[in-house]
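Since this is a predicted model, take the numbers as computed values, not measurements.
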Amino acid sequence: MVKKQLLIILFTLSCTIYAQEEKLKPEQRQKHFFEEGLKALKEQNFYRAYGFFSLAQTGFSPDKEILSKSIKKTDSLKVIVRAEQRQEIIGNWKMLTPDSWAMRDPSDSIVGRMITIDPDQILFYELYDKAKNWNLAKTEKIIFSDKESLTSDPLLIVYSNKEVWRYYIDEASGNLIAFYIGEENENGISELFCSNQKLQYFKLQ
C-alpha cells in the first residue's frame with residue numbers, strides 16, 4: 001500500500017520507462033528524458049512532461065544546452081500544472097476516513113469532517129454531535145512549496161505549520177486524497193516514506 005502511494009507521488013512514471021533507462025548509456029539518458037518530455041508536452045500531459053524535463057536536469061555531466069532548455073520548460077510547466085491542480089481540487093469534500101488533522105478530546109464528539117477548497121485556500125470544518133452547523137476549525141492558504149525535495153514534485157502544498165501535503169484525485173473512485181509528505185524546513189522538505197497519513201474525501205454535490 002505504501003509503495004503504491006509513493007509511486008503516485010513520484011510522477012507515476014511507469015516501470016517501462018525505467019526499463020528503457022537501464023538500456024541507455026549515462027550520456028544518452030538526458031537526451032532520452034528530454035525527448036520524452038517533448039512527447040508528453042505534445043500530448044498536453046503537462047505533469048508528466050514536467051517529470052521528464054526534471055529528470056533531464058540530472059546527471060554528472062549534463063549537456064548544457066539540454067539542461068538550459070529543460071530548466072526553462074520546468075519553470076513554465078510548474079505554473080501550468082499548479083493552475084490545473086487548483087481547478088481540479090476545487091469543491092466541497094466530506095471525509096471518508098476517521099483520521100483527523102488535529103487531536104481532539106473525546107468529549108468533543110466530532111461526528112463529521114469536511115473541507116472546502118477554492119483557488120486560494122482550504123477551509124477545514126468539523127461537525128459536533130447535535131450541532132446544526134459546521135464549525136470552521138482552521139484555514140490554510142494554498143501555497144505550493146518551492147523547497148528542494150526528493151521527488152521534485154511541483155504540487156506539494158505547505159501548511160502554516162510547515163506540514164507538507166499532496167492533494168490529488170483518485171482516478172478509480174473520483175475521491176480526493178490528501179497524502180502527508182513530511183515537513184518543510186530551511187534546507188528543503190524532510191519526507192516521510194513509511195506510515196504516511198492518508199485522508200480520503202468524497203465530493204458533495
Side-chain angles (χ1 to χ4, degrees), residues 1-13 40 44-51 54 74-103 110 112-127 134-185 188-205:
M1 179 62 69
V2 173
K3 184 177 181 181
K4 182 178 179 181
Q5 294 168 340
L6 292 177
L7 286 175
I8 294 173
I9 299 171
L10 292 169
F11 301 110
T12 60
L13 294 176
Q44 295 191 328
N45 191 330
F46 301 123
Y47 185 67
R48 185 177 178 83
Y50 180 95
S54 294
T74 52
D75 286 344
S76 299
L77 285 168
K78 184 184 293 185
V79 177
I80 296 174
V81 297
R82 286 177 173 177
E84 287 184 339
Q85 171 79 345
R86 289 175 187 270
Q87 291 301 315
E88 186 177 56
I89 63 177
I90 283 177
N92 297 311
W93 303 87
K94 188 172 182 181
M95 184 181 288
L96 285 171
T97 54
D99 306 69
S100 67
W101 52 82
M103 295 300 295
I110 299 175
R113 292 182 171 87
M114 66 170 285
I115 56 176
T116 294
I117 303 177
D118 63 35
D120 301 311
Q121 62 185 359
I122 305 173
L123 291 81
F124 296 78
Y125 292 94
E126 296 172 337
L127 182 65
W134 288 85
N135 177 65
L136 179 61
K138 71 171 183 175
T139 301
E140 293 286 353
K141 293 182 179 179
I142 296 180
I143 300 176
F144 293 104
S145 177
D146 285 316
K147 294 285 188 177
E148 186 174 331
S149 67
L150 293 176
T151 60
S152 298
D153 192 334
L155 301 180
L156 303 183
I157 295 175
V158 56
Y159 290 173
S160 56
N161 63 357
K162 299 304 179 181
E163 286 186 356
V164 178
W165 291 76
R166 175 69 160 88
Y167 283 75
Y168 63 92
I169 303 298
D170 178 69
E171 293 184 2
S173 65
N175 291 334
L176 175 71
I177 306 297
F179 189 82
Y180 177 71
I181 300 297
E183 293 190 5
E184 185 184 81
N185 53 59
I189 296 176
S190 177
E191 300 180 52
L192 183 67
F193 288 101
C194 183
S195 302
N196 299 61
Q197 188 178 22
K198 178 183 176 182
L199 308 177
Q200 187 171 182
Y201 303 83
F202 70 90
K203 196 167 189 176
L204 298 173
Q205 301 298 323

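- Taking OG from Ser152 and NZ from Lys78, the interatomic distance works out to 9.0 Å, rounded to the nearest 0.5 Å.
- No donor-acceptor pair under 3.5 Å is formed between the side chain of Asn92 and the backbone N or O of Thr116.
- Under the 30°/60° scheme for interplanar angles, the aromatic rings of Trp165 and Tyr159 are found to lie parallel.
- Judged purely by atom type and a 3.5 angstrom limit, Arg86 uses its side chain to pair as donor or acceptor with the backbone of Pro119.
- To the nearest 0.5 Å, atoms CG (Leu156) and CZ (Arg82) are separated by 8.5 Å.
- For the atom pair Leu192 CG and Glu163 CD, the distance stands at 11.0 Å (nearest 0.5 Å).
- With rounding to the nearest 0.5 angstrom, the NZ atom of Lys198 is 6.5 Å from the CG atom of Asp170.
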Self-check item: Ile157/Ile143 under side chain to side chain contact (heavy atoms under 4.5 Å, CB included): CA gap, chis, key distance, verdict
Solution: CA-CA 6 Å; Ile157 295 175; Ile143 300 176; 5.7 Å; no
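- Across Phe46 and Leu77, no two heavy atoms sit closer than the pair CD2-CD2, 3.7 Å.
- The backbone N or O of Tyr167 lies less than 3.5 Å from a partner atom in the side chain of Gln85, making a donor-acceptor pair.
- Crowding of Lys203 atom NZ: a count of heavy atoms from other residues, nucleotides or ligands under 6.0 Å exceeding 12.
- The residue from Ile115, Ile117, Leu96 that alone fulfils the side chain to side chain contact (heavy atoms under 4.5 Å, CB included) condition with Tyr201 is Ile115.
- Between atom NZ of residue Lys138 and atom CG of residue Leu136 there is a gap of 11.0 Å, rounded to the nearest 0.5 Å.
- Pro154 and Tyr47 get closest at one heavy-atom pair: CD-CE1, 4.0 Å.
- When side chains are defined from C-beta on, Leu127 does not count as touching Arg113, because their heavy atoms never get closer than 4.5 Å.
- Between Glu140 and Phe124 the shortest heavy-atom distance is CG-CE1, 3.7 Å.
- By the 4.5 Å heavy-atom criterion applied to side chains, Ile169 and Ile177 are not counted as neighbours.
- The backbone N or O of Ile181 sits nowhere less than 3.5 Å from a side-chain atom of Arg166 that would complete a donor-acceptor pair.
- Glu184 meets the side chain to side chain donor-acceptor pair (under 3.5 Å) test with Ser145; sequence neighbours excluded.
- Once rounded to the nearest 0.5 Å, the distance linking OH of Tyr180 with CG of Asn196 reads 8.5 Å.
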Exercise. Any chance you could lay out the side chain to side chain contact (heavy atoms under 4.5 Å, CB included) test for Ser173 and Gln200, step after step, and finish with the verdict?
Key: CA-CA 10 Å; Ser173 65; Gln200 187 171 182; 4.1 Å; yes
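- The number of heavy atoms from other shown groups lying within 6.0 Å of NZ (Lys94) does not exceed 12.
- For Asp118, the salt bridge (charged side-chain N to carboxylate O under 4.0 Å, His left out) criterion is met by no residue, not counting sequence neighbours.
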Self-check item: Test log, rule side chain to side chain contact (heavy atoms under 4.5 Å, CB included), inputs Asn185 and Glu183
Solution: CA-CA 7 Å; Asn185 53 59; Glu183 293 190 5; 5.8 Å; no
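- Trp93 and Ile89 get closest at one heavy-atom pair: NE1-O, 2.9 Å.
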